[in-house]
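The structure appears below as structure tokens.
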Amino acid sequence: MRFSSNLILWYKQHKRDLPWRNTRDPYRIWISEIILQQTRVNQGLSYYCKLVEKYPDVHALANADEDELLRVWQGLGYYSRARNMHHTAKVVAYKMDGIFPDSYHELIKLKGIGSYTAAAISSICFNEHQTVVDGNVFRVLSRLFGVDTPINTAQGKKQFEKLAHELNDGGESGLFNQALMEFGALHCTPKQANCASCIFAAQCYASRHGKVDVLPVKEKKQKVKERYLNFFFVHDAYGNTLIQKRVMKDIWQGLYQFVLNETKEETGVEDMMPDLLGLYNGSKNIKRVDRCTHKLTHQKLYIQFIEVEVEKLGANDVSGYEIVSMSDLGNLAFPKPLERYLKDFKVR
DNA sequence: AACACGGGGTA
DNA sequence: TACCCAGTGTT
């Protein structure tokens, strides 16, 4: 039996029942694919449900407020996905009469849609003969055929694309693509692959040669940069706080933060007081200092939260920051560690 | 080609 | 810890 037929049979037996698998509406498939970029199904599932309920069609999403959209996206990470999605929704709604392009080559022109997502949407929604190559595909094919070309090189990517496309020969590209990814996600997993019960074990190079744990090959990772972020959570007796939208090209673009002083190294609160003096010219009271670390893929953040109570926040005291009532913070998106701080703050 | 961009799950 | 995840955009 052909590999593609065998794979699709496996898929029909083992696939998970997921909400985006009950539709071929390009809007919904698009939302699901953006969410699932570098994100596991279990992590993205609730976000998908929230998004399609709040924004049932591309017009609703196009008309959304960006802060509101980022708040829905809060906690999922890679926030450029949300900003690009919003941009593309406006393009589709206002320049394409709300109709998504129906081909790979048109889809890939849209912001946030790269080769993977264009292949996924065009194959799943329009049955175009395109083949997805994601982390699952790299893993399954490298093991099955013993391909040890590093997957994070241009050569490797081309080689796997060619191989995947040759295998996708059954005229059901949407099914084939989802089947291959599902097989990687559920069966041919990164750790402890289920070789004992694998339908392909007899022909699998890695299984026969004991190389399951060394494939796929990936070239060394980038190193992690360390940063020291000192946030002043300033509030007054009237429940007002000081916040700022992050606009720089940096992590957490578009999200909100407290008064920030970033330093080159671990810095005591006393040494940062001069900066704070310039920010608020009335009397102030440092109530509490909390510390935490936060790991990103490429950065390790050493975070201090300095709670500062002042008498009354007024427009004359601050520049570059907004005065916002504590009760309105729930409508804005904050980075994970700041959201956690706010949650703890409310409890105590 | 190399890097930047989050957060959570897994061993 | 270290690695990985239904990747894309920028430099």
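Chain A is the first sequence line, chain B the second, and so forth, proteins listed ahead of strands; every chain is numbered from 1.
The side-chain tip of A:Lys90 does not point at the ring of A:Tyr94 from less than 6.0 angstrom away and within 45° of straight on. For the pair A:Lys211 and A:Tyr205, the cation-pi criterion (under 6.0 Å, within 45° of the ring axis) is not fulfilled.
Residue A:Trp252 has no polar side-chain atom (N or O) positioned under 4.0 Å from OP1 or OP2 of B:dA4. Listed pair A:Tyr78 / B:dA4 fails the phosphate criterion, with no side-chain N or O lying under 4.0 Å from OP1 or OP2. For the pair A:Lys249 and C:dG9, the criterion of a side-chain N or O lying under 4.0 Å from OP1 or OP2 is not met. Side-chain nitrogen and oxygen atoms of A:His298 include at least one within less than 4.0 Å of the OP1 or OP2 phosphate oxygen of B:dC5. Between A:Gln299 and B:dG6, a side-chain N or O to OP1/OP2 separation shorter than 4.0 Å is absent.
Distance CD1 (A:Ile34) to P (C:dG9): 8 Å, rounded to an integer number of Å. The interatomic distance linking A:Leu107 (CG) with C:dT8 (C1') rounds to 15 Å, in whole Å. Atom NZ in A:Lys225 sits about 13 Å away from atom P in B:dG6, given to the nearest Å. Between the P atom of B:dG9 and the CG atom of A:Leu76 lies a distance of 12 Å, rounded to the nearest Å. Between A:Glu219 atom CD and C:dC4 atom P there is a gap of 13 Å when expressed in whole angstrom units. Distance, A:Lys218 NZ to C:dA2 P: 15 Å, rounded to whole Å. One atom, NE2 of A:His294, and another, P of B:dC5, lie 13 Å apart when rounded to the nearest Å. Going from atom CD of A:Glu33 over to atom P of C:dT8 covers 9 Å, rounded to whole Å.
Note on A:Trp20: a base of the nucleic acid sits closer than 4.0 angstrom, heavy atoms only. Across all strands, A:Asn42 comes closer than 4.0 Å to no nucleic acid atom at all (heavy-atom distances). As judged by a 4.0 angstrom heavy-atom cut-off over every strand, A:Gly44 is placed among residues making no nucleic acid contact.
From A:Asn136, atom CG reaches atom CG of A:Asn177 across 11.5 Å, with rounding to the nearest 0.5 Å.
Within residues 113-150 of chain A, the residues that place at least one heavy atom under 4.0 Å from DNA chain C are, in residue-number order, A:Ile113, A:Gly114, A:Ser115, A:Tyr116, A:Thr117, A:Asp134, A:Gly135, A:Asn136, A:Arg139. Within residues 151-189 of chain A, the residues that place at least one heavy atom under 4.0 Å from DNA chain C are, in residue-number order, A:Met181, A:Glu182.
The gap from the C1' atom of C:dT8 to that of B:dG9 amounts to 23 Å, rounded to the nearest Å.
Judged by distance alone with a 3.5 Å cut-off, no donor-acceptor contact links the side chain of A:Thr39 to the base of B:dG7. If you check distances only, the side chain of A:Thr297 does reach the base of B:dG6 with a donor-acceptor pair under 3.5 Å.
Checking C:dG9, B:dC5, B:dG7 against every side-chain atom of A:Lys111, the shortest atom distance belongs to C:dG9. Of the candidates B:dG6, B:dC5, B:dG8, B:dG6 carries the atom nearest the A:Leu296 side chain, counting heavy atoms from C-beta on.
Remark: side-chain polar atoms of A:Asn194 are not paired, donor with acceptor, to backbone N or O of A:Ser197 under 3.5 angstrom.
The only option from A:Phe305, A:Tyr321, A:Phe334, A:Phe345 that meets the ring pair (Phe, Tyr, Trp, His ring centres under 6.0 Å) definition with A:Phe233 turns out to be A:Phe345. With respect to A:Glu182, the side chain to side chain donor-acceptor pair (under 3.5 Å) criterion is satisfied by exactly one of A:Arg21, A:His14, A:His187: A:Arg21.
Between A:Tyr47 and A:Trp73, a ring centre-to-centre spacing not shorter than 6.0 Å is recorded.
In this structure, A:Lys191 and A:Arg81 both approach DNA chain B, and ranking their closest nucleotides by distance from the 5' end singles out A:Arg81.
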